[in-house]
Amino acid sequence: MSAQSALIRSPAEQLRLPLERPVVGEAFVVSDSNAEAVRVLSLWPDGVGSVLALYGPPGCGKSRIAADWAERLGALPLNGVEAALVDPLELEGRPILLDNARDADDESLFHLINLAHSGGGALLLAEREPARAWAVDLPDLRSRLDAVRAVGLEAPDDRVLSAILRARFAERSIAPSDEVIDYLVRRLDRSADTAAAVVSRLDSLHRPVTRALARQVLDQMAGVEDIEAG
């Protein structure tokens, strides 16, 4: 084989650089696992209280749904501890999104809830567990959290997980077959983080993404988990 021919590879043999690119306008898939939350937030604030808690397991899409809500209403997005950095008087009458809400200190969270009730605004709290399950020290905050309206999301179902996988592959300019996607959906945990980790591992191998390669990667990852658990 000549030096020139050695440099010529078929498209399937060419190495892919691990270069991620955001997918413009990535669609959010509505399914049984998130439909109720999507419906509620499309209507809220609706006069039934000014504080709402959105909860669900990691990777279920709650941050995406909350961010879409904040964009639609022009809400101020805050993340956990940032609640302590904002002057509550400047938030009066404004819709507010507090993601990772339990990372906020009790006093800041108490003031935000009071402000939403009295200032004509709205407060959306996003967290893994419903507000009633949060451990807090302020008795007054406890009573307010117990009264907060809550809507939950479930772990991604097959439709959502399939969309997540396709989006993560597309970010890396990979277009696996439907067979590969279906295989991964059947084998993966219901987690967006797990899906992203598998896609990253497949991409790092610089090989065509086939069902055989997907099986190899999943078996390897399961073996590592077994060793760490032991």
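Under the rule for a salt bridge (charged side-chain N to carboxylate O under 4.0 Å, His left out), the partners of Glu179 that lie at least two apart in sequence or sit in another chain are Arg211. Not a single salt bridge (charged side-chain N to carboxylate O under 4.0 Å, His left out) links Asp32 to another residue, sequence neighbours left out. Every residue two or more places apart in sequence or in another chain that forms a side-chain contact (heavy atoms from CB on, under 4.5 Å) with Ser31 is listed here: Ser33, Asn34, Asp157, Arg159, Val160. Under the side-chain hydrogen bond (donor to acceptor under 3.5 Å, both in side chains) criterion, Asp68 pairs with Arg64, sequence neighbours left out. For Asp137, there are no side-chain hydrogen bond (donor to acceptor under 3.5 Å, both in side chains) partners, not counting sequence neighbours. Applying the side-chain hydrogen bond (donor to acceptor under 3.5 Å, both in side chains) criterion to Glu36, with sequence neighbours excluded, gives Arg39. For the side-chain hydrogen bond (donor to acceptor under 3.5 Å, both in side chains) test, residues two or more places apart in sequence or in another chain that qualify with Tyr183 are Arg187. Judged as a salt bridge (charged side-chain N to carboxylate O under 4.0 Å, His left out), and not counting sequence neighbours, Asp193 has no contacts. Partners of Ala212 under the side-chain contact (heavy atoms from CB on, under 4.5 Å) rule, at least two apart in sequence or in another chain, are Thr210, Arg215. Applying the side-chain contact (heavy atoms from CB on, under 4.5 Å) test to Glu71 and every residue at least two apart in sequence or in another chain returns nothing.
The shortest side-chain heavy-atom distance between Pro156 and Ile164 falls under the 4.5 Å cut-off. Inter-residue side-chain proximity for Leu115 and Leu123 is flagged as unmet; no heavy-atom pair is nearer than 4.5 Å. Between Ile96 and Leu124 there is no side-chain heavy-atom pair separated by less than 4.5 Å. Using a 4.5 Å heavy-atom threshold, the side chains of Glu154 and Cys60 count as separate. Between Leu109 and Leu125, the closest side-chain pair of non-hydrogen atoms falls below 4.5 Å. When side chains are defined from C-beta on, Glu171 does not count as touching Arg166, because their heavy atoms never get closer than 4.5 Å.
No donor-acceptor pair closer than 3.5 Å links the side chain of Lys62 to the backbone N or O of Tyr55. The main-chain N or O of Glu107 is found under 3.5 Å from a side-chain atom of Asp105 such that the two form a donor-acceptor pair. At least one donor-acceptor pair closer than 3.5 Å links the side chain of Trp69 to the backbone N or O of Trp44. In this structure, Ser200 contributes its side chain and Ala197 its backbone to no donor-acceptor pair below 3.5 Å. At least one donor-acceptor pair under 3.5 Å links the side chain of Arg102 to the backbone N or O of Ala135.
Of all heavy-atom pairs spanning Leu213 and Pro208, the tightest one is CD2-O, 3.4 Å. The two residues Glu127 and Ala101 make their nearest non-hydrogen contact at OE1-N, 3.3 Å. Across Ala37 and Leu54, no two heavy atoms sit closer than the pair CB-CD1, 3.8 Å. Smallest separation of non-hydrogen atoms from Leu153 and Gly61: CD2-C, 4.2 Å. Between Val51 and Ala116, the shortest heavy-atom contact is CG2-CB, 3.8 Å. Taking every heavy atom of both residues into account, Leu52 and Ala150 meet most closely at CD1-N, 4.2 Å.
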Report, one line per pair, each donor and acceptor closer than 3.5 Å where one atom sits in a side chain of residues 74-87; sequence neighbours left out.
| unit_1 | atom_1 | unit_2 | atom_2 | d |
| --- | --- | --- | --- | --- |
| Asn79 | OD1 | Asn100 | ND2 | 3.0 |
| Glu82 | OE1 | Asn79 | N | 2.9 |
| Asp87 | OD1 | Leu89 | N | 3.0 |

Table please: side-chain donor-acceptor pairs of residues 138-147 below 3.5 Å, with sequence neighbours left out.
| unit_1 | atom_1 | unit_2 | atom_2 | d |
| --- | --- | --- | --- | --- |
| Arg142 | NE | Asp146 | OD1 | 3.2 |
| Arg142 | NH1 | Trp134 | O | 2.3 |
| Arg142 | NH2 | Ala131 | O | 3.1 |
| Arg142 | NH2 | Arg132 | O | 3.3 |
| Arg142 | NH2 | Asp146 | OD1 | 3.2 |
| Ser143 | OG | Asp140 | O | 2.8 |
| Arg144 | NE | Asn114 | OD1 | 2.7 |
| Arg144 | NH1 | Asp140 | O | 3.1 |

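The distance from the CG atom of Leu218 to the OG1 atom of Thr194 is 10.0 Å, given to the nearest 0.5 Å. Here the CG atom belonging to Asp182 is positioned 6.5 Å from the OG atom belonging to Ser162, to the nearest 0.5 angstrom.
Heavy-atom contacts from other residues, nucleotides or ligands closer than 6.0 Å to CZ of Arg72 number more than 12.
A salt bridge is absent between Asp203 and Arg168; no separation between the charged side-chain nitrogens and carboxylate oxygens falls under 4.0 Å.
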Task: Steps toward side chain to side chain contact (heavy atoms under 4.5 Å, CB included) verdict (Val180, Leu165) - done: CA-CA 10 Å; Val180 171; Leu165 283 166; over 6 Å; no

